[in-house]
Structure formats: C-alpha cells, structure tokens
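So you know, we letter chains A, B, ... as the sequences are listed, proteins then strands, and number each from 1. Bear in mind that the values here come from a model prediction, so they are computed numbers and not experimental data.
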2 protein chains.
Amino acid sequence: MAGSLAEVARRAGVSVATASRALNGSRHPVSDEIRERIALAAAEVGYAPSAIAQALVTRKSRIIGVIVGDIVDPYFAEITRGAEDVARRAGYLTIVCNTDRAPATELAYLRLLHDYRAEGVIFAGGGQVAAGAGSASAAQLSEGAQLSEAVESVRADGIRVVSLAARNFESMRVTVDDRAASYDITSYVCSLGHRRVCYVTGPPGLSTSAARLAGFQAAMADAGLSADEVHPGEFDFLSGQQVALRLVGRPLPDAVICANDESAIGVLTTLRQAGVDIPGEVSVAGLDDTRVSRFVDLTTVSVPMYERGAIAARHILDAGPSAAGDLVLPHRLVPRGTTARRRSSGSKRQRRETPLTAATEAR
Amino acid sequence: MAGSLAEVARRAGVSVATASRALNGSRHPVSDEIRERIALAAAEVGYAPSAIAQALVTRKSRIIGVIVGDIVDPYFAEITRGAEDVARRAGYLTIVCNTDRAPATELAYLRLLHDYRAEGVIFAGGGQVAAGAGSASAAQLSEGAQLSEAVESVRADGIRVVSLAARNFESMRVTVDDRAASYDITSYVCSLGHRRVCYVTGPPGLSTSAARLAGFQAAMADAGLSADEVHPGEFDFLSGQQVALRLVGRPLPDAVICANDESAIGVLTTLRQAGVDIPGEVSVAGLDDTRVSRFVDLTTVSVPMYERGAIAARHILDAGPSAAGDLVLPHRLVPRGTTARRRSSGSKRQRRETPLTAATEAR
DNA sequence: TTGTACGCGTTATCAT
DNA sequence: ATGATAACGCGTACAA
C-alpha cells in the first residue's frame, strides 16, 4: 500500500526526480504548482519514504545504537533516555542492545550494528578488565581482543563509537572520574566522623567496579582508616539487601558506602526495615544519583548519566570534525538525608548519652 | 572500508551471485573450494553485509519498534527487555521510542518506523481516553483520530502492530485485565479488615488509569466501603511521596492502594521515613510487580510486563498466520509484607488496646 | 525549473 | 554448481 516515489511521480505526471525534490528536504527549486500536485498524489497513495532506500543511497542510516548491560537498570535507562532524546529530535532511531555485560553479546551486537551501518554506537557501561588470576582469563582475553578488533574495524568504516566508561579499545570517551567520585563520597562520609565504614562493591572484573573500589580504598587510607570490610556486590538492589541482612546481626558499622545507588538503596531499605535508624545509627551512601535516589533522599554523587548519553549522541550526530579529544564530565557530591554526623558509639544501641571525644569531633 | 559483495566476488574470482550464496545463509549449493575462497576474500576485506541493502531487496528490515512512555520507568523497561530478548535471538534490532505519552510524539514515531519499514511496532502503554469535559478535548480527539488513522495505514502496509494495553485503534492485543487486577488487590486489602482505604491514581485520561481506578471503586463498593479518598497521581515515585506527605499529618488511613508500584513504593518509603509502621499501622499495596517490588517486599499484583513484551515480539517475528485473536494474560495477586491484618483502630497511635468489634472481624 | 539515467549493495530469476 | 542481470526505492549529477 505504501506508494513508492515512482508511483507518486506517475500520478502527479512528473519525474521521480522532481517528486523526490518536492517530497524530501531538497534545496532544489520546484514550482509551487507542481509541488502541490505531488503533495496531493503523495497523500492519495499514502506515500511513506523508504528510509531504507534513502539510507542505501545516502549512506546515512540515521541509526545509533546504545549498548547497555540491562535497560531495566536505571543507570543504563537514564543514559539511554539521554541519547534517545537527542536522536529523536534529529529524526534518528535509537537501538537498545542489552548484553548483560557479556563480551560475546557486545561483540555480536556491534557486528549487527555494523551491518546496519549505524552512524554511531555508544558503549554505556564499563568493560571487563584483565583479571589477575582467573581460569577463564584466556577466553576473556581473546574476547576482549576480538571486541577491540571489531571496534577498530567498525571505526575504520566511519562509524563513530563513544564509550561512557573505561574500555580497553580506542574510541571517543564521555566519562566521569569514577575513582575520584568514589574517593569524594568516601571522604565525605569519613568527614562526618565515621570510622568503621563498610563497602559494597560492583561486579568483579568490571573497570567501573575497580575504579570505584580504588577510590574508596584511597580515601580510607588517607583518612587513616582501615578499608577491610569490603563486601562483594553486583550493582543491584539484591546485593545491597544481602549485605544489609548480614550486617544486621552483629554490631553495626558507622556507615556503609555502596558502589552504586541501586545497591545503596538495597541496604538502606533493608536496614530501615530491620529497625535500624538511618542516618541515626548508620549512614548510607551510594554513587550515581539515579532518579529514585533523589526521592529516597540518598546521599550520593552525581555522575550525570542522562547528560553523558545526550552528549555522546550529539557527538555522533554532529559528524563534523568535533572529534575533539575525550570528555570527562565533572561529578558532584550530593549530600542528602541518609548520612549524618556520627553519634557517640555508646549512644547507638543503649541510647546512653556519652560525651563526644575530641578525637571524634575533630574534622 | 567495508568491502562490498562485489569487491569480495572480484577478489575471489567469482560472481556476486555465488559470493552472496556463500556468505549469507542460502540453501543454494556452492562447492566447498569456492566457498572457502570467498570466505577468505571476505575476511581480507572485512566484509560486513549491508543489512540495509538486504532489507531493501528482501523487504524484511528485521527491525521492531517499542513505543513507551519513558524507558526509565521500570514498567516500560521490563516490557522492552522482554521484547529485546526475543528480537536479539532472532537477529532483530529493537528501537526504543520514548513519547512521554504525548500522542503527537507517538504519531511521529509511528511514521518514522513506517519509513524504516519496521516489521512490527509494539505500543507498550495505554492511550488517552476521550476525556469527558476537557478544553483540549477537540485537539486530543483529532490527535487520537490521526493516530488511529496512521496505525491503519501502517497495518495496511503489512507492519504488525500489537498493543499491550487498551488503545482506541485496532491491533492485536497482548494485555492483562487491569480492572480485574485492581479489583483483586483491592478486595484482598479489604479482606484484611481495612475499612478506610485511600487510592492513588495514575495519570488522568489514560486508559490504564481509568481501568485500574474502576477496579478499585468496584471492589470498594462490593465491600460496602466508601471509595472517596482518591488522590491524583502520575504513576511515579513522586506522586506517592506527595500523597504520603499529605496523609501523615492527619489520622492515618487503614491502607493505601496505588495505581502502580512506583507510586506505591513512593508512599511506602515516605511513610516509613516519617516513622509510620508498615504494615503495622497502615498497609500499602501497588500494582505491576516490578522488579524492585520484590525486593521491598511490596504486596502487589503481577501483570507480566516482561512476558507481554516477549510475546508481542514473538508475534511480530512469527509472521505466520498466528494472527490469532487478542491475548489477555492472567494476572496474579502477590501478597507480601507491606500489607497485614488490620489492628484495632485504637491501638494505632495511642497503643491503647481496644477489643475488635465483631463487625471488623467479620471477613 | 524539470527530466534522464546511473548507482547504492543485495537477492532472486533464469540461463548455462 | 555458477554466472548475468533485473529489480528493490531513492538521490543526484548531468543534460535539457
């Protein structure tokens, strides 16, 4: 039913060339009379320009791909929303590619996007980092090499790739200093007087997890505190919940810092449900500044996801030589209601009023 | 740099026809020797088949679109994930289309997908329902008519459209009985002995909101209770939070039921933060069974989003005459920890023990 | 201002 | 088993 340009031209009694010029945004002049005839004919046959054919001849697919771990994860969803917003306004299509962080799936999707001649692809998440001593190390290395090779091939074809976190292949980068962000939130929590602070990590082997953990450890070291209460997590609510459940049986820590907001909300919610007063008894902090974090009043650090997605997309569309080097956006500490000054340790459970020691008060 | 089929053929000393047959999944026989020569040449030039060209000649774009309100909303994210999962396994691309429920944007996206000859489009959310007395009623009606017309045109072109909620255009449907789901959760809450139960609605004018509100009202009526404490909401966390804040100053209701999980989590979190015991003092229930609802132990009703997305996508791919009529999936009440039997009203604030009246205990 | 004709990269038909 | 060649629907020199 979708009339082709040829059909429209025939009905309007003009050549396909003029029809093309009249219907699509061509700077080529067309007389108003003919233009109207064509518009009419187009409406009659319900003409819908074949973006496929246009892409083929124009060599511009108006397609961008966003490779994410899981679109259900707010972190990735916000990035995707940012990218889609600018893509939509430009008449571009946004492909969402869930990979569950599996390099093989990333590779498969990259190839598919290559086949579709996507104009650009955004790697939203971090990548696997060479594991120190893993049994699957060889396979992973090979996968990493394959991906890196594929990225190179894709870039050679003029497809613009930009990554939003550390990856082991070359590409434009629109990132944030994860290590510094983690360092900042940690020092902030320490500055509140907390001494025993736990940490919930992100998935092992992920560059982002590593950077954030490193930031935590560095800040703790600089504060003269021990950073040995590190619980493995997976960036999800469940991880936080499980850690919280384990925490609640024993003497509570002063604070728990999580590698991301999802897991922080997990510990926050679970701890509160267990009757723990947050931030009265223990402070909780995350990292991301996800949309819901604002609502639950979680103190965290903003590492603008939406903006990074939008900027990445814009970079892809502004095909110009704006290939300016990497971009590292500023992060911003967002102190909110889930953290507070440490109360004297004695007052925690027994509610006994103990004067603060000078040492605790100092900074 | 991406070698074309012609180039590969030339380097292998064969015709494009054979190259095509060897490289892509063709049942046509090709001698092993030549097949290898072609594979080699393809590898040398880094051949990547042009899905665009294939789509043009094949008339199969291997593209499906998912029209959602906002991908950041877990409801839509889970639907999208379901669709993408089956699309990916079939080598299809999934386009995300955020519309913020604006009919104009839906229309624009539908047209764009039409241009790309998407093989199918999934309308994930409900639609605007003819408002009783609105000033913008005329404009909306026109927009509704336009969309409905566009859907018809698109379907005439062989594009399969399936909606996951009530819409005012014809299409296959993979839905759930929202009214019944809402009725069920409401009667469940009432069966717990609660009498004063508030409701937080979804966005006005939305078919889904209307169905769910109707279910609530019907159940309340059937329970002989008054359903006049209805607070307007927007399906988001903020709505729930605001309602909770308003509730907390005055005598608390027995329970509050929300049109969806997001807003339910909003009231749950906010109420708890305000020191209200859930479900001790007030019960809270939602509707959707979103992923995080499982974690916060919210009682709700499952209206399988992931499955609906997956089924819709499968329907699009199985282009066969499986155009079986509409499908309405079963919903399932999921009682969890945010609801409990009503405690005697007197014990709520003053903790005064008052014997339950027979009337309260009866059912 | 309008029309002709070629090419974009593939698949498919028909010979060979 | 392999090879020409005609579409697919459109943009765009180039010609008129």
Colleague: Using modelled atom types only, decide if a donor and an acceptor are shared between the side chain of A:Glu84 and the backbone of B:Cys97 within a distance under 3.5 Å.
Modeller: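 Between the backbone of B:Cys97 and the side chain of A:Glu84 there is no qualifying donor-acceptor contact (under 3.5 Å).
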Colleague: Can you work out whether B:Arg117 or B:Ile34 has the more 5'-proximal nearest nucleotide on DNA chain D?
Modeller: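 First, find each residue's nearest nucleotide; the 5'-ward one identifies B:Ile34.
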Colleague: Tell me what B:Ala9 touches on the nucleic acid: a base, only sugar-phosphate, or nothing, going by heavy atoms under 4.0 Å.
Modeller: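 Contact class for B:Ala9: none.
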Colleague: Strictly by ring-ring contact (aromatic ring centres under 6.0 Å, His included), give each pair with a member in residues 143-167 of chain B just once, sequence neighbours left out.
Modeller: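 Found none.
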Colleague: Among all residues two or more places apart in sequence or in another chain, which pass the side-chain hydrogen bond (donor to acceptor under 3.5 Å, both in side chains) test with A:Glu44?
Modeller: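 Once residues adjacent in sequence are excluded, the partners of A:Glu44 under the side-chain hydrogen bond (donor to acceptor under 3.5 Å, both in side chains) criterion are A:Arg11.
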Colleague: What nucleic acid atoms does A:Val57 come within less than 4.0 Å of, heavy atoms only: base, sugar-phosphate, or nothing?
Modeller: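 Since a base atom lies under 4.0 Å of A:Val57, the category is base.
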Colleague: The criterion is side-chain hydrogen bond (donor to acceptor under 3.5 Å, both in side chains); which residues satisfy it with B:Ser163, sequence neighbours excluded?
Modeller: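 Checked B:Ser163 against side-chain hydrogen bond (donor to acceptor under 3.5 Å, both in side chains); matches are B:Ser171.
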Colleague: Any ring-ring contact (aromatic ring centres under 6.0 Å, His included) pairs touching residues 74-117 of chain A, not counting sequence neighbours?
Modeller: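 Counting only pairs at least two positions apart or across chains, no ring-ring contact (aromatic ring centres under 6.0 Å, His included) contact touches residues 74-117 of chain A.
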Colleague: State which residues pass salt bridge (charged side-chain N to carboxylate O under 4.0 Å, His left out) with A:Asp70; sequence neighbours excluded, sorted by chain then number.
Modeller: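 Per chain and number, A:Asp70 pairs via salt bridge (charged side-chain N to carboxylate O under 4.0 Å, His left out) with B:Arg81, B:Arg291.
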Colleague: On DNA chain D, which is the earliest and which the latest nucleotide, 5' to 3', with an atom closer than 4.0 Å to a heavy atom of chain B?
Modeller: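 Under 4.0 Å from chain B, the extent on DNA chain D is D:dA1 to D:dG9.
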Colleague: With sequence neighbours excluded, tell me which residues meet ring-ring contact (aromatic ring centres under 6.0 Å, His included) with A:Phe169.
Modeller: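 For A:Phe169, the residues satisfying ring-ring contact (aromatic ring centres under 6.0 Å, His included) (neighbours in sequence not counted) are A:Phe123.
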Colleague: What does the inter-axis angle of the helix from C:dT1-D:dA16 to C:dT16-D:dA1 come out as, five pairs per end, nearest 10 degrees?
Modeller: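 Taking the rotation axis at each end, their angle is 40°.
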Colleague: Let me spell it out: for each of A:Thr18 and B:Gly13, pick the nucleotide of DNA chain D with the closest heavy atom. Which residue's pick is nearer the 5' end?
Modeller: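 It is B:Gly13, whose closest nucleotide lies nearer the 5' terminus.
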Colleague: Select base, sugar-phosphate, or nothing to describe what B:Leu56 touches, counting heavy atoms under 4.0 Å on all strands.
Modeller: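 The answer is base, as B:Leu56 lies within the cut-off (heavy atoms under 4.0 Å) of a base atom.
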Colleague: What are the bounds, 5' to 3', of the part of DNA chain C that sits under 4.0 Å from heavy atoms of chain A?
Modeller: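 The footprint of chain A covers C:dT1 to C:dG9.
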Colleague: Under a 3.5 Å distance rule, please check whether A:Arg167 uses its side chain to pair with a backbone N or O of A:Gly125 as donor and acceptor.
Modeller: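 Judged by distance alone, yes, a pair lies under 3.5 Å.
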Colleague: Suppose we screen for salt bridge (charged side-chain N to carboxylate O under 4.0 Å, His left out). Which residues come up paired with B:Glu78, at least two apart in sequence or across chains?
Modeller: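 In terms of salt bridge (charged side-chain N to carboxylate O under 4.0 Å, His left out), with neighbours along the sequence ignored, B:Glu78 is linked to no residue.
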Colleague: Could you go through residues 26-34 of chain B and list every donor-acceptor pair under 3.5 Å that involves a side-chain atom there, pairing it with any protein atom two or more places apart or in another chain?
Modeller:
unit_1: B:Ser26; atom_1: OG; unit_2: B:His28; atom_2: N; d: 3.1
unit_1: B:Ser31; atom_1: OG; unit_2: B:Ile34; atom_2: N; d: 3.3

Colleague: So how far is it from A:Arg160 CZ to A:Asp318 CG, rounded to the nearest 0.5 Å?
Modeller: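 Here the rounded value is 8.0 Å.
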Colleague: Taking all non-hydrogen atoms of both residues into account, name the closest pair between B:Val96 and B:Thr80 and its distance.
Modeller: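 Result for this residue pair: CG1-CG2, 3.9 Å.
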Colleague: For DNA chain C, determine which residues of residues 20-29 of chain A have any heavy atom closer than 4.0 angstrom to one of its atoms, and list them numerically.
Modeller: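 Result for residues 20-29 of chain A: A:Arg21, A:His28, A:Pro29, sorted by number.
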Colleague: Return yes if some donor-acceptor pair links the side-chain N/O of A:Asp326 with the main-chain N/O of A:Met172 below 3.5 Å, else return no.
Modeller: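 It does not hold such a pair.
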